[in-house]
A.B. asks: 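Here's a structure for you.
The first residue of the sequence shown is numbered 1, and numbering continues consecutively from there.
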Amino acid sequence: MAGVSVAAEWQLLTNRYYRKPELYQMQWKHVDLTRHKIACSPFGGPIAVIRDDAKIVQLYSESALRTLRIFTSSGRLLSETPWKNPGGRLIGLSWTDDLTLACITQDGTVYTYNIHAELIETFSLGKDCFENSVVECVFWGNGVVCVNEAFEIFAVPDFRTKLVVKLADSGLEEMPHCMAVIEPQYRRSGDVEVLLAVGDHVLSVEEDGVQQLAEGVGPLQKMVVSRNGGYVASFTHDGRLLVMTADFADVIIEYTCESALPPDQLAWCGLDSVLLYWDDMLLMVGPYGDPVRYIYDEPIILIPECDGVRILSNTSMEFLHRVADSTVSIFQIGSTLPAALLYDALDHFDRRSAKADENLRLIRSSLPEAVEACVDAAGYEFDISQQRTLLRAASYGQAFSRGGPLWHIVLSCVIFQFLLREMGGGNNAFNKVGFDSQFKRDLIQEMCKTLRVLNAVRHVEIGIPLSIQQYKLLTPSVLINRLINAHNHLLALRISEYLGMSQEVVLMHWTCTKMTASSSIPDANLLDILLNKLKICKGISYAAVAAHADKIGRRKLAAMLVEHEPHSSKQIPLLLSIGEEDTALIKATECGDTDLIYLVLFHIWRKRVPLDFFGSIQARPLARDLFITYARCYKHEFLKDFFLSTGQIQDVAFLLWKESWELSKNPMASKGSPLHGPRIKMIEKAQNLFTETKEHMFESKAAEEHAKLLRIQHELEVTTKQAIFVDSSISDTIRTCIVLGNHRAAMKVKTEFKVSEKRWYWLKVFALATIRDWDALEKFSKEKRPPIGYRPFVEACVDAEEKGEALKYIPKLADPRERAEAYARIGMAKEAADAASQAKDGELLGRLKLTFGQNAAASSIFDTLRDRLSFQGIS
């Protein structure tokens, strides 16, 4: 049989057992719960205490000024601060899910504190709450609902967003008897629902409407919603406890209490029972059967948890919860289940009794289930010695379930007993060696790891009394965050290492906290301390640590820390933020990342005067070239200043010339536009700069002639009132002038730019042919012997399909070959043959024959001439 003493402390409610072990004797002194407002965080979190200003209390040796104090769940003082906040009476305070303490005053101001009693921020619930004082508030998770004197209801769904939502007008004329909240996460709409007990019914108030529920069920004096949002427990005016579904459609439990006086507190104990507390009695009511009564001679606070209720009194902290099925199977009086027999077998084994073998034989086939039950029961125990015993029983059964020689079994038990002895309940537990994986007992090993963590955080110095269910729901990562926020960094680091989790978060928080608290330590000494710890975690972000050092004003320390950051993408931005621009530029050019180089360049560009900036980049070719590439596209003026500062005059000239061309793309650069003046000035300025360098005389001359041409073209556009000259070539300008009949202007351009006679004749011939001024063309051909000959005249006429005009010039062609080809182009075969015969060129005759391939008569003429030339011996 299992030990009777364990089950003797249980209480039977319906068909379930409950127990109420003491977690702590409170470490605080002179704390009377009746004189204070109390806020207790779930999951074994901290307790906030402040004197209740709504009560008249006697002051003993304490100050009249109220103090906000924060304790661990074991009553150890974490922090305190004087309460000097304006806003009237404190209406309520509560912890959010991320352990931020929210305090609401009468004027609707919300003050938020961290676990170290440091004010984080304040915000207001709005003008309506300021003008009509807040009367009552109900907190949940990360939100709150408030009612003001005008009976208006306001909600803050999430303290992190600080968004205040006014709910629908409920039509209240007096304060409701009680109020409860169904959290947004349990509703399909995602909005908060407020339940108000009004008269003999309940009002469901949301942002977009009001609904009347539970007609005739009231008046209700107290209401509380279950943790899953599915049920509502309420206390009626005639002393009945009602447990209903959240829509008040079905009554699950109805119990008539001995007193109609409403309880001081009403709370759920998990999802199986409801607790009612009066001045000296705690009543636990279940679905069936008689309730369970607990008598208290001091005031208590009920702290609902996911698997039970923590009970806080002036002197102790207890945990009322349902006994796990595995624990019942072992310790229930008279139990003969396999787990109970295995536990008894271990007891007989320790007493060297043969009864141990008898018990094992009875449960041989059920040993795996018995081992699993012992392991599971160990997880629900708060007493470390009981944990050890249960895990030893599991190990004992595991050894026999594998089979094997007796010596192996005994040795296994002895070794495991030794290891379990190392599973202490305090922080020092993590100084010991962990369980070796060679035992290959995954289930037992995982439970041992979990219990080592739980025992460490349950220690009175830490004061986080988590149950195993709470631990699983909270998750190890959140637990570690809570430890580091409470500055229990060493324990958090050891738990992280033990569970194989990243230690970076712990080390980062410790480092930042250490820097903040070490203002008197010189930078060099503090750097050594930090580096000695940070080297524990490979890949940690030194840049983030350096950023915090800069934030608290230790810029020199930040510069030393950032030198250890291996990632340039993190290192360089921080160097810029702490004013180390030159170092950042060196690092960026060394890594060769153009994005980082541009980041540094733009930062320095904004902060420094141009000459300092130019000096910074001149000695670094990569940075200089990237700057020039960018500035060529977007910042010409700044680039010109850079070139001038470095003596690169020719580059400035090229930029000016380029700008003049870009100015031509401006749609305003049209006929008569004043933009032509600036363009010409730019080109002239570029020409002057080119002149200063002997190596760019060609560019200087080209710029000079370009400016001259633009000036002439602008004048032509003004006089002709046609925007067709600017940006055309000299040849096009001359041709256009001739086409327009402005021969004087064409001659002027010819003279100004020393156009050769041959070029002049070519341009004028084709320009006159374009306007089909054949008389002027003939006259031009007779002025003097053309330096280009008459062939251009012929080609111009042929291109214009004027054979008659072409015949005027073909006879003047001196070369018979040219005459023959010209005649062929206008289709005169006989004349082409005669000219070809004069040239005595057989190959020419062959080409001409091909030209007239479809003309049989012409082909015969060319064949005859070729035969004659062949007879004469001419090829």
A.B. asks: Measure the shortest side-chain to side-chain distance between Ile311 and Met317 over non-hydrogen atoms and say whether it is less than 4.5 angstrom.
C.D. replies: no
A.B. asks: Measuring only between side-chain heavy atoms, which start at C-beta, is Arg69 closer than 4.5 Å to Leu77?
C.D. replies: yes
A.B. asks: For the rings on Tyr296 and Tyr277, is their centre-to-centre separation under 6.0 Å?
C.D. replies: no
A.B. asks: A side-chain contact here means heavy atoms from C-beta on lying under 4.5 Å apart; do Ser94 and Trp140 qualify?
C.D. replies: no
A.B. asks: Under a 4.0 Å threshold between the charged nitrogen and the carboxylate oxygen, would Lys355 count as salt-bridged to Asp344?
C.D. replies: no
A.B. asks: So which heavy atom on Ala246 is nearest to which on Val232, and how close?
C.D. replies: CA-CG2, 4.0 Å
A.B. asks: Keeping Thr327 on the side-chain end and Val323 on the backbone end, is there a donor-acceptor pair under 3.5 Å?
C.D. replies: no
A.B. asks: Could you tell me the separation between the CD atom of Gln11 and the CZ atom of Arg322, rounded to the nearest 0.5 Å?
C.D. replies: 16.0 Å
A.B. asks: Hey, are Arg240 and Glu254 close enough for a salt bridge, meaning a charged N less than 4.0 Å from a carboxylate O?
C.D. replies: yes
A.B. asks: Stepwise, does the side chain to side chain contact (heavy atoms under 4.5 Å, CB included) test hold for Ile182 with Val192?
C.D. replies: CA-CA 6 Å; Ile182 299 180; Val192 63; over 6 Å; no
A.B. asks: Could you walk me through whether Trp10 and Tyr18 pass the side chain to side chain contact (heavy atoms under 4.5 Å, CB included) test, one step at a time?
C.D. replies: CA-CA 5 Å; Trp10 299 352; Tyr18 285 81; over 6 Å; no
A.B. asks: Judged by atom type as modelled, is there a donor-acceptor pair below 3.5 Å linking the side chain of Ser353 to the main-chain atoms of Phe349?
C.D. replies: no
A.B. asks: Quick one, Arg310 with Glu318, criterion salt bridge (Lys or Arg N to Asp or Glu O under 4.0 Å). Give me CA distance, side-chain angles, the key distance, then yes/no.
C.D. replies: CA-CA 6 Å; Arg310 280 188 293 138; Glu318 299 172 317; over 6 Å; no
A.B. asks: Are Ile462 and Asn488 side-chain neighbours, meaning at least one heavy-atom pair lies under 4.5 Å?
C.D. replies: yes
A.B. asks: Report yes or no: does Ser74 contribute a side-chain atom to a donor-acceptor pair with the main-chain N or O of Tyr24 at less than 3.5 Å?
C.D. replies: no
A.B. asks: Measure the spacing between CG of Asn142 and CG of Asp98 and express it to the nearest 0.5 Å.
C.D. replies: 5.5 Å
A.B. asks: Parallel, tilted or perpendicular, judged at 30° and 60°: which one describes the rings of Trp28 and Phe71?
C.D. replies: perpendicular
A.B. asks: Any side-chain to backbone donor/acceptor pair from Thr475 onto Tyr471? Under 3.5 Å, distance only.
C.D. replies: no
A.B. asks: Around Arg187, counting heavy atoms of other residues, nucleotides and ligands shown, do more than 12 lie under 6.0 Å from its CZ?
C.D. replies: yes
A.B. asks: If you look at every heavy atom in Leu78 and Pro46, which pair is closest and at what distance?
C.D. replies: CD1-CB, 4.4 Å
A.B. asks: Quick one: does Trp268's side chain have a donor or acceptor within less than 3.5 Å of a partner on Ser273's backbone?
C.D. replies: no
A.B. asks: Is the closest side-chain donor-acceptor distance between Ser467 and Asp307 under 3.5 Å?
C.D. replies: yes
A.B. asks: Name the one of Leu282, Leu241, Leu276, Asp279 that satisfies side chain to side chain contact (heavy atoms under 4.5 Å, CB included) with Pro263?
C.D. replies: Leu276
A.B. asks: Under 3.5 Å, is there a donor-acceptor pair between the side chain of Ser395 and the main chain of Leu391?
C.D. replies: no
A.B. asks: Quick check: do Gln265 and Leu275 have side-chain heavy atoms less than 4.5 Å from each other?
C.D. replies: no
A.B. asks: Nearest 0.5 Å, what's the CZ-CD1 distance between Arg458 and Ile464?
C.D. replies: 11.5 Å
A.B. asks: Considering non-hydrogen atoms only, spot the tightest contact between Ala267 and Pro304 and give its length.
C.D. replies: CB-CG, 4.2 Å
A.B. asks: Side chain to side chain contact (heavy atoms under 4.5 Å, CB included), that's the test. Do Ser234 and Lys222 meet it? Break it down for me.
C.D. replies: CA-CA 5 Å; Ser234 58; Lys222 289 280 184 180; over 6 Å; no
A.B. asks: Shortest non-hydrogen contact from Gln470 to Gly44?
C.D. replies: OE1-N, 4.3 Å
A.B. asks: If I take atom CG from residue Asp247 and atom OH from residue Tyr231, how far apart are they, to the nearest 0.5 angstrom?
C.D. replies: 10.5 Å
A.B. asks: Could you verify whether a donor N or O on one side chain and an acceptor N or O on the other, from Gln25 and Thr315, lie under 3.5 Å apart?
C.D. replies: no
A.B. asks: Please report the shortest heavy-atom distance between Ser326 and Asp376, naming the atom on each side.
C.D. replies: OG-OD2, 2.6 Å
A.B. asks: To the closest 0.5 Å, what do you measure between CG (Leu341) and CG (Leu367)?
C.D. replies: 10.0 Å
A.B. asks: When you compare the side chains of Ser313 and Ser316, does any donor N or O come within less than 3.5 Å of an acceptor on the partner?
C.D. replies: yes
A.B. asks: Between the main-chain N or O of Pro338 and the side-chain N or O of Tyr343, is there a donor-acceptor pair closer than 3.5 Å?
C.D. replies: no
A.B. asks: For Ile333 versus Ala7, what's the shortest heavy-atom pair and its separation?
C.D. replies: CG1-CB, 4.0 Å
A.B. asks: Taking His116 for the side chain and His487 for the main chain, is one N or O donor matched with an acceptor at less than 3.5 Å?
C.D. replies: no
A.B. asks: Got a second to check how far Trp95's CH2 is from Ile70's CD1, nearest 0.5 Å?
C.D. replies: 4.0 Å
A.B. asks: Yes or no on side chain to side chain contact (heavy atoms under 4.5 Å, CB included) for Gln221 and Cys178, after CA distance, side-chain angles and deciding distance?
C.D. replies: CA-CA 6 Å; Gln221 304 297 318; Cys178 59; 5.9 Å; no
A.B. asks: Check whether Asn314 reaches the backbone of Leu33 with its side chain - one donor and one acceptor, N or O, closer than 3.5 Å.
C.D. replies: yes
A.B. asks: Is a side-chain donor or acceptor of His36 paired with a backbone partner of Ile38 at a separation under 3.5 angstrom?
C.D. replies: no
A.B. asks: If the threshold is 4.0 Å, N to carboxylate O, is there a salt bridge linking Glu9 and Arg19?
C.D. replies: no
A.B. asks: Could you tell me whether the side chains of Ser496 and Gln503 share a donor-acceptor contact shorter than 3.5 Å?
C.D. replies: no
A.B. asks: Other residues, nucleotides and ligands only: do more than 12 of their heavy atoms fall within 6.0 Å of CZ on Arg351?
C.D. replies: yes
A.B. asks: Could you tell me whether the side chain of Asn481 reaches within less than 4.5 Å of the side chain of Val505, counting heavy atoms only?
C.D. replies: yes
A.B. asks: Starting from the C-alpha separation in whole Å, work towards a yes-or-no answer on salt bridge (Lys or Arg N to Asp or Glu O under 4.0 Å) for Glu258 and Arg293.
C.D. replies: CA-CA 12 Å; Glu258 296 175 357; Arg293 291 175 174 82; 2.8 Å; yes
A.B. asks: Does the side chain of Ile253 come within less than 4.5 Å of Tyr288's, by heavy atoms?
C.D. replies: no
A.B. asks: Is there a side-chain contact between Thr245 and Val251 (heavy atoms, below 4.5 Å)?
C.D. replies: no
A.B. asks: Between Asn455 and Gln387, is any side-chain donor less than 3.5 angstrom from a side-chain acceptor?
C.D. replies: yes
